[in-house]
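First comes the structure, then the notes that go with it.
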Amino acid sequence: MSLPKPKKINAEKYVAGLSLFKQKTARIKLSANESALGPSPKAIKQYNEVGKNLKRYPDSDGIFLRNVLAKKFKLDPKRIILGSGSDQIFELICKTFVNKNDEVIVPEFSFIIYRIYSKIYGAKIKYAKEINYRISIKNILSKVTNKTKVVFLANPNNPTGTIISKKELLQLRKKLRSNILLVIDDAYFEYVKDKNYLPGLKLFSNSKNVIVTRTFSKIYGLAGLRIGWGYGPKNLIYALNQIKPPFNINRAALFAAAESIKDVKWLNKEIKHVNKWSKIFYKNFKDLKIETNSSYGNFLLVNFNKIRVSSKKIFLKLAQSGILVRKMDVYKIKNSLRITIGNNLENKKFIKIIRKII
Ligand SMILES: Cc1ncc(COP(=O)(O)O)c(C=O)c1O
């Protein structure tokens, strides 16, 4: 008798930045778009408090945090789902709504997790071409068929760092068939300063067919605690909450997240830091004739074609100097790297080294 055979799953495995390196080698990690300044000291204090009482299960409904979020963003707490990272929300969405042979549309260069979970639950992925690394609404709409179930997109987009305007997003929702679920990932919205931009939550908090996701992994600096959330129509969020693992968010994450949301001062410090360094990075890349676009998130996508250098070589040389950045092979963006903005020391070192390499 043989053991049960695993299901055949036709999806790539997610490769995290650090798994390529031993932590010892990469002292400076600019590969995962984590926060530059780390969590609010108030969140760390709360984390340490929770550490004194580890024997208790967390609240499986996360009521306290849902109420804090609802108050902060003027939302209905019943329409919030908490996930072990927004990652888990994407999985729950696929698990709940995606069936074999459904089609899921993602922008050509978009967060890889959307396609991984969609494939795991049997969907066929349709890639919508981008124009100059910007999501194209027209190209998304051109991929719609009667099998389309879900459209995923992030705004700002990862790994390109570009945004689409509020007008474009509203147009997309209007032109998409009403029974297609639109998932808008607001992971980096806090960093954006552009008058034509509005985060998904602001645009669609009353929509019947949009789920918006947010995360504590980026600006709040809590990537290691794994916590994110989603907001959507009552019936859809109810369905997701029905199947979520009961204790998917640990107590430390619940309480540290609630505390970090309140620390607006810390948040503004991180935004100011990232916006300042984003401009400095951009200028340095331009000086070196490395192609890039000014980014709306906490990272920049750079291409080495113009200066005829191989991104592989740059990646290795940076790594030899202890700096880990993100390769773009899995995204199929040729000869490019994605660089996360770090703290002052890390950024200065990165700029010094890249100048020396080039
Ligand atoms: C577009 C996008 N969404 C979400 C996330 C964060 O996922 P999580 O909340 O699971 O940490 C990332 C992190 O890289 C991202 O780039």
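First listed ligand is number 1; within each ligand, the first listed atom is number 1.
- Comment: Glu12 engages Lys119 in a salt bridge, judged by a side-chain N to carboxylate O separation of less than 4.0 angstrom.
- Salt-bridge annotation for Glu108 and Lys129: present, with a side-chain N of the basic residue lying under 4.0 Å from a carboxylate O of the acidic one.
- Two rings, from Phe247 and Tyr57, have their centers less than 6.0 Å apart.
- For atom 10 (O) of ligand 1, the closest heavy atom belonging to the protein is Arg226 NH2, 2.7 Å.
- Classified by interplanar angle (parallel below 30°, tilted 30° to 60°, perpendicular above 60°), the ring pair Phe281/Trp277 is perpendicular.
- If you check each of Ser86, Gly297, Ala187 against atom 6 (C) of ligand 1, the one with the closest non-hydrogen atom is Ser86.
- At the top of the distance list for atom 15 (C) of ligand 1, counting protein heavy atoms only, stands Tyr188 OH, 3.4 Å.
- Of the protein's heavy atoms, Phe111 CE2, 3.6 Å lies nearest to atom 5 (C) of ligand 1.
- Ligand 1 lies out of reach of Gly228, whose nearest heavy atom is not under 4.0 Å from it.
- Other residues, nucleotides and ligands contribute at most 12 non-hydrogen atoms within 6.0 Å of the OH atom of Tyr238.
- Within ligand 1, counting atoms from 1 as listed, the ones closer than 4.0 Å to a heavy atom of Thr215 are 8 (P), 9 (O), 11 (O).
- Closest protein heavy atom to atom 2 (C) of ligand 1: Asp185 OD2, 3.3 Å.
- Tested against Thr213 for a side-chain contact (heavy atoms from CB on, under 4.5 Å), the candidates Phe152, Tyr231, Phe90 yield a single pass: Phe90.
- The distance between the ring centers of Phe255 and Phe64 falls below 6.0 angstrom.
- A salt bridge does not link Asp102 with Lys147: none of the charged nitrogens is closer than 4.0 Å to a carboxylate oxygen.
- Here's the thing with Asn158: one of its N/O atoms is less than 3.5 angstrom from an N/O atom of ligand 1.
- Atoms of ligand 1 found under 4.0 Å from any heavy atom of Ala154, numbered from 1 in the order shown, are 1 (C).
- With respect to atom 11 (O) of ligand 1, the closest heavy atom belonging to the protein is Ser217 OG, 2.6 Å.
- Ranking the protein heavy atoms by distance from atom 13 (C) of ligand 1 puts Lys218 NZ, 2.7 Å first.
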